[in-house]
Amino acid sequence: MQRQRGSSSFIASPKPGDSELFFWQAAVRWGPSAPRLWACGGRRRGWGGAGRGGEGVEGPRSGPSFTGFPVGSCGATRLRMRLSHVLSEHRLLRLRPVCTMLRKSVLRLLGRTGASRLSLLEDFGPRYYTLGSLSARDDARDARAYFTTPIFYVNAAPHIGHLYSALLADALSRHRRLRGPSTAATRFSTGTDEHGLKIQQAAATAGLAPTELCDRVSKHFQQLFQEAGISCTDFIRTTEARHRVAVQHFWGVLKSRGLLYKGVYEGWYCASDECFLPEAKVTRQLGPLGDSFPVSLESGHPVSWTKEENYIFRLSQFREPLQRWLRGNPQAITPEPFHHVVLQWLDEELPDLSVSRRSSHLHWGIPVPGDDSQTIYVWLDALVNYLTVIGYPNAEFKSWWPATSHIIGKDILKFHAIYWPAFLLGAGMSPPQRIYVHSHWTVCGQKMSKSLGNVVDPRTCLNRYTVDGFRYFLLRQGVPNWDCDYYDEKVVKLLNSELADALGGLLNRCTAKRINPSETYPAFCTTCFPSEPGLVGPSVRAQAEDYALVSSVATLPKQVADHYDNFQIYKALEAVSSCVRQTNGFVQRHAPWKLNWESPVDAPWLGTVLHVALECLRVFGTLLQPVTPSLADKLLSRLGVSASERNLGELYFLPRFYGHPCPFEGRRLGPETGLLFPRLEPSRTWLVKAHRT
């Protein structure tokens, strides 16, 4: 089981026919003093829970009124639109001088003059593709971002599904850091969920005290994430004192707002899933002896009938506020099919939720404040971890909330997309900004299960395939929309093909002493490769396919950034791999090993071929940093790219092609680092089971 946390800012989308310059006009008129910046014409509106179940949100109190959702929690300081979202390309070209002037004005008004460096794309026309716009495209450079994984249940050792969740969050967090200069503006938390009946029972079965079991398994998760290069800024355990303070304070807020009452709960409870189930979600399953027993319709885990007096949360009050939140913010839950599923759930009755258990039945948890006879429901306890990490209940947490993105498995969607936002609305807070949902991993077509003996140990995979290799495989093959299958041969084939042969082979070709004896970034010859395709002349050597390569690699950073924003890291890696293949085709087509440095005819073109290939490699290395940090560092170091030249905001591809100086031209390459990624030997029988707890 996994747990996670959240945050929320809302994005307004322009409607057809809206003024194309409205967003900029609104920003200039209200400036940073506006409590919220709204986009799109219509009436002003707010949203909130019924009764006390939500915090109303309003737009500007003066000037024209608008319909939409607030851009961010700090007024206009979170710009989430660009003119390129509204204008077509040919109209952007006509408005380029006006856009530049408006953008500078807006940046001054918003106090971002330090980050007002304009993209060279805007300054030099449509042919000069750069990444300069990415650092200021959807997020201000100084805007904060907070990523979370589920907190993982400690009833068993970690498997590759746990690692996959952590890697998704790690890649998103690393990519976000590459957009701006300040790593302090990005936080990333993971951890372990250590309370609940399942932990209590697992400890008893193992003959251990609950604290002993939690310490042991939590250590396994910490070691795994350290070995896998998970760059979390916080690892939280729900048994920590700071978390107990946060949970009990959150409980007090809900109680003070009249959202908790004591009543008798009677119904089905699933200890494995730590949740209550209505009758419609329970079915009967045949046992090995032919007898039937009740199980959860969704998970298949056994359930038992429970009747006890508990504290109950008025969840039924939040059905309509949750529907309005999701319908007004279609990107709140990504991918879209999961967003649709949650709306379908909300079309059904939403009964009040039991949020405590009798302490005599469940003692391993956080007591209800003022009532030691009750223990706080494990999911309410666990979900508050997202607030604990950022300092709740102290005021400091408000600087991070709601700029939060949760990464969760699909099996815990209901807890994060219904219960958690309802709790937050009830406490007068906003729901999470984004909830990224992923599916599960199977092994050779079967669900991972201890009973089947096919649970894959991720630490052994990291040792066998290397850390970067296994990170690349999971993020390249994992598709959030549906379950993905793991088997050894697939890993070996993918890594050998894309990392060892395609990328590693390309680097080796371009840095080999026989082809590049000076071990430098050779000069780019504009007469051999003019910026305008179709030119003819005795020195022109570039072909149509070469211009297609330049276009593909030039637009690759934005394409990759869009895929990250859409939670499609696998598509980002697919796009990089496609460009690697294109670059190998470019090198193969012009065969620099057949050219002679001593020839006045060959030398300029030989240098140009290597220059273009090395520039492509520099882009690939920069974009692979969130997924394969060590491999990318090795590649960029071999190219002589310094640490300060590896951010997305500094990534200007092939400037010589556009008539601008290249800081790498003539620079010596870095020291020889050996094979970028050694080929792996296939194994037909290799399969590693998880270590026993």
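Residues: numbered from 1 along the sequence shown. Please read all numbers here as calculations on a predicted model, not as lab measurements.
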For the student: nearest non-hydrogen atoms of [X] and [Y], plus distance:
{"X": "Arg187", "Y": "Val389", "value": "NH2-O, 3.0 Å"}
{"X": "Ala169", "Y": "Thr149", "value": "CB-CG2, 3.5 Å"}
{"X": "Ala202", "Y": "Asn155", "value": "CB-CB, 4.3 Å"}

Step through it carefully: locate the ring centre of [X], locate the ring centre of [Y], and say whether they are under 6.0 Å apart.
{"X": "Trp441", "Y": "Tyr487", "value": "no"}
{"X": "Phe188", "Y": "Phe147", "value": "no"}
{"X": "Phe423", "Y": "Phe313", "value": "yes"}

Please determine whether a side-chain nitrogen of the Lys or Arg among [X] and [Y] lies less than 4.0 Å from a carboxylate oxygen of the Asp or Glu.
{"X": "Arg237", "Y": "Asp215", "result": "yes"}
{"X": "Arg179", "Y": "Asp565", "result": "yes"}
{"X": "Asp562", "Y": "Lys571", "result": "no"}
{"X": "Asp347", "Y": "Arg327", "result": "yes"}
{"X": "Asp483", "Y": "Lys447", "result": "no"}

Taking [Y]'s backbone N and O only, do any of them form a donor-acceptor pair with [X]'s side chain (distance below 3.5 Å, no angle check)?
{"X": "Asp170", "Y": "Ser231", "result": "yes"}
{"X": "Asn496", "Y": "Leu680", "result": "yes"}
{"X": "Thr466", "Y": "Gly469", "result": "yes"}
{"X": "His339", "Y": "Pro335", "result": "no"}
{"X": "Thr388", "Y": "Val384", "result": "yes"}
{"X": "Arg174", "Y": "Val627", "result": "no"}
{"X": "Arg471", "Y": "Gly229", "result": "yes"}
{"X": "Ser439", "Y": "Pro480", "result": "yes"}
{"X": "Asp485", "Y": "Gly445", "result": "yes"}
{"X": "His416", "Y": "Leu413", "result": "no"}

Criterion side-chain hydrogen bond (donor to acceptor under 3.5 Å, both in side chains) on Thr628 and Asp468, from CA distance to verdict: CA-CA 5 Å; Thr628 56; Asp468 282 319; 4.8 Å; no

Under 30°, 30 to 60°, or over 60°: which ring-plane class applies to [X] and [Y], parallel, tilted or perpendicular?
{"X": "Tyr465", "Y": "Phe470", "result": "parallel"}
{"X": "His438", "Y": "Tyr164", "result": "perpendicular"}
{"X": "His175", "Y": "Tyr564", "result": "parallel"}

Nearest-0.5 Å distance, OG1 of residue Thr334 to OH of residue Tyr436: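 With rounding to 0.5 Å, OG1 (Thr334) is 6.0 Å from OH (Tyr436).
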
Distance in Å, Leu346 CG paired with Arg324 CZ, rounded so as to fall on 0.5 Å steps: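 The CZ atom of Arg324 is 12.0 Å from CG of Leu346, to the nearest 0.5 Å.
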
For Phe415, the option from Trp379, Trp420, Trp345 that meets ring-ring contact (aromatic ring centres under 6.0 Å, His included):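 Exactly one option meets the ring-ring contact (aromatic ring centres under 6.0 Å, His included) with Phe415, and it is Trp379.
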
Qualifying residue, where the test is ring-ring contact (aromatic ring centres under 6.0 Å, His included) with His195 and the options are Trp364, Tyr377, Tyr153: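 That would be Trp364; it is the only one of Trp364, Tyr377, Tyr153 passing the ring-ring contact (aromatic ring centres under 6.0 Å, His included) with His195.
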
Residues, nucleotides or ligands: over 12 heavy atoms within 6.0 Å of Gln285 CD: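 Correct, the count exceeds 12.
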
Within 6.0 Å of NZ in Lys219, more than 12 heavy atoms from elsewhere: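 No, because the 6.0 Å sphere around NZ of Lys219 holds 12 heavy atoms or fewer from other groups.
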
Worked verdict on His249 versus Tyr392 for side-chain hydrogen bond (donor to acceptor under 3.5 Å, both in side chains): CA-CA 9 Å; His249 185 273; Tyr392 184 86; 3.1 Å; yes

Val576 side chain near Leu556 side chain, heavy-atom distance below 4.5 Å: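 Of all side-chain heavy-atom pairs linking Leu556 with Val576, at least one is under 4.5 Å.
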
